[in-house]
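What follows is a short report on a single structure.
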Amino acid sequence: MTAVTTAFEPLDFLHGPTMANRFMLAPLTNRQSHDDGTLSDHEHRWLTMRATGGFGLTMTCAAHVQAVGQGFGGQLGVFDDAHLPGLTRLADDLNATGTVSYVQLHHAGMRSPAELVGRPVSASDDDATGARALTTDEVEQVAADFVAAARRAQQAGFHGVELHGAHGYLLCQFLSPEINQRTDRYGGSLDNRSRLLFDVVAGIRAECGPDLALAVRLSSDRFGILTEEMVEVYRRLVDTGDVDLIDMSLWDVTRPVSDGPLAGRSLLDVFAEIERGDVRLGVAGKIHDPADVQAVLDRGVDVAVLGRVAILHHDYPVLLAKDAAFVPRRPPVAAEVLADEGVSPAFVEYLRTSFRGFVAE
């Protein structure tokens, strides 16, 4: 097994504190908080265990910035000051461990379940989900609510926020030339389709100043997204000088580009080779073994974003620091094992139903 030699090097950013190592907890849907978006003890335990387990950056699950943007039951909220006590408690306890703490800011758009939000909203009308197009004024309000949520996270004490611009959620819906059929200034050209994202980036930096770190999560493809366009968005995010981390969700860090003029090239290499100055690059997608971590770092990535393996080991970085030959678990694993790793019954049930074969029966 390849020894991990660079994963424990610190990493600084244009804004906010330095990460102690190159391990980031992915923003994982877990359905553990209360129906009103307030923090639960289960969600608090899940996240603080990862922070004490050595993750250099601990990211919350997607936290919705509008009530109508809720994406799943038990989702953490950041759209109301009523969420501040729980968020402050969480930030205080995460920061006490030495981790860098981020809230992921999210709006599900047409992926919001109607049973939770009523009629969902999106960039355009969508027959399949019943979503309606946001008016221009409503798009501007979405941008303002993302900014307000970032300010709320900063007030709570978090070091940074991440905009969820991936996985077919609202910001991604605007970026998609397939989904976004608008004819106002938020539709048509890539400049227009990305306007909401860049308005939010600029608004957060103006409102929150230089102390708050800002990340953006992007999908490389799928969800109507074109890889070639995401390369352009990536470059423009770097050029703003406002963004600290671009978090590329690749689904599998070993797969090739499947569309457009870049087809056949390594997705990871396409994004790692973009000139980014002091902006950091994180990648997610089936990074499991220590050799996987080192492989992405060796190819120019700054941060290894761990998802499912971080469910299996709350202390993955600590275990690896102690033993370079550490071999992580692989699914299926018993519910009792997951409970010991800080996974609540609600989270176990979500894993059982959404990721077949993850929980041992």
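Heavy-atom basis, side chains included; hydrogens, waters and symmetry copies ignored. All values reported here derive from a predicted model rather than from experimental measurement.
- Side-chain atoms of Leu47 and Leu94, non-hydrogen and from C-beta on, do get closer than 4.5 Å to each other.
- The minimum heavy-atom distance between Gly54 and Asn21, with the atom names listed, is O-ND2, 2.8 Å.
- Leu262 and Leu268 fall within the same hydrophobic cluster, defined by Ile, Leu, Val, Met, Phe, Trp and Tyr side-chain heavy atoms under 4.5 Å apart, directly or through other members.
- Leu312 has its side chain within reach of Leu338: a pair of non-hydrogen atoms, C-beta onward, lies under 4.5 Å apart.
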*Worked verdict on Asp36 versus Thr38 for side chain to side chain donor-acceptor pair (under 3.5 Å)*: CA-CA 6 Å; Asp36 62 358; Thr38 54; 2.6 Å; yes
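- Nearest approach of Trp251 to Arg222, heavy atoms of both residues: CG-NH1, 3.5 Å.
- Across Leu237, Leu245, Val233, a single residue satisfies side chain to side chain contact (heavy atoms under 4.5 Å, CB included) together with Val216, and that is Leu237.
- Heavy atoms from other residues, nucleotides or ligands lying under 6.0 Å from CD of Glu228 number 12 at most.
- Partners of Asp244 under the salt bridge (Lys or Arg N to Asp or Glu O under 4.0 Å) rule, at least two apart in sequence or in another chain, are Arg205.
- Contacts classified as ring-ring contact (aromatic ring centres under 6.0 Å, His included) and involving residues 219-238 (residues at least two apart or in different chains) are given here: Tyr234-Phe271.
- Side-chain atoms of Ser40 and His34, non-hydrogen and from C-beta on, do get closer than 4.5 Å to each other.
- To the nearest 0.5 Å, atoms CG (Leu281) and CZ (Arg299) are separated by 11.5 Å.
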*After noting the C-alpha distance and the side-chain angles of Arg330 and Asp289, does the key distance pass the salt bridge (charged side-chain N to carboxylate O under 4.0 Å, His left out) rule?*
CA-CA 10 Å; Arg330 289 188 177 274; Asp289 293 323; 2.8 Å; yes
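- Side-chain atoms of Asp221 and Val257, non-hydrogen and from C-beta on, never get closer than 4.5 Å to each other.
- In this view, Asp302 and Arg276 satisfy the salt bridge (Lys or Arg N to Asp or Glu O under 4.0 Å) rule, not counting sequence neighbours.
- Partners of Arg265 by salt bridge (Lys or Arg N to Asp or Glu O under 4.0 Å), not counting sequence neighbours, listed by chain and number: Glu273.
- The closest side-chain heavy-atom distance from Asp145 to Gln141 is below 4.5 Å.
- For the pair Asp199/Phe146, no side-chain contact is recorded, criterion being any heavy-atom separation below 4.5 Å from C-beta on.
- Remark: side-chain polar atoms of Arg217 are not paired, donor with acceptor, to backbone N or O of His164 under 3.5 angstrom.
- Legend: ring-ring contact (aromatic ring centres under 6.0 Å, His included) pairs involving residues 336-361, not counting sequence neighbours, sorted by first then second residue: Trp46-Phe347, Tyr350-Phe355.
- With salt bridges taken as basic N to acidic carboxylate O contacts below 4.0 Å, none links Arg45 and Asp93.
- His64 and His83 have tilted rings, their planes meeting at an angle from 30° to 60° on a 0 to 90° scale.
- Counting only heavy atoms from C-beta outward, the side chains of Arg22 and Thr6 never approach each other to under 4.5 Å.
- Residues Leu57 and Leu25 have side chains not in contact (no heavy-atom distance under 4.5 Å, counting atoms from C-beta outward).
- Residues Tyr316 and Phe55 place their aromatic rings such that the two centres sit no closer than 6.0 Å.
- Taking each heavy atom of Leu14 and Asp278 in turn, the nearest pair found is CD2-CB, 3.7 Å.
- Every residue two or more places apart in sequence or in another chain that forms a salt bridge (Lys or Arg N to Asp or Glu O under 4.0 Å) with Glu361 is listed here: Arg352.
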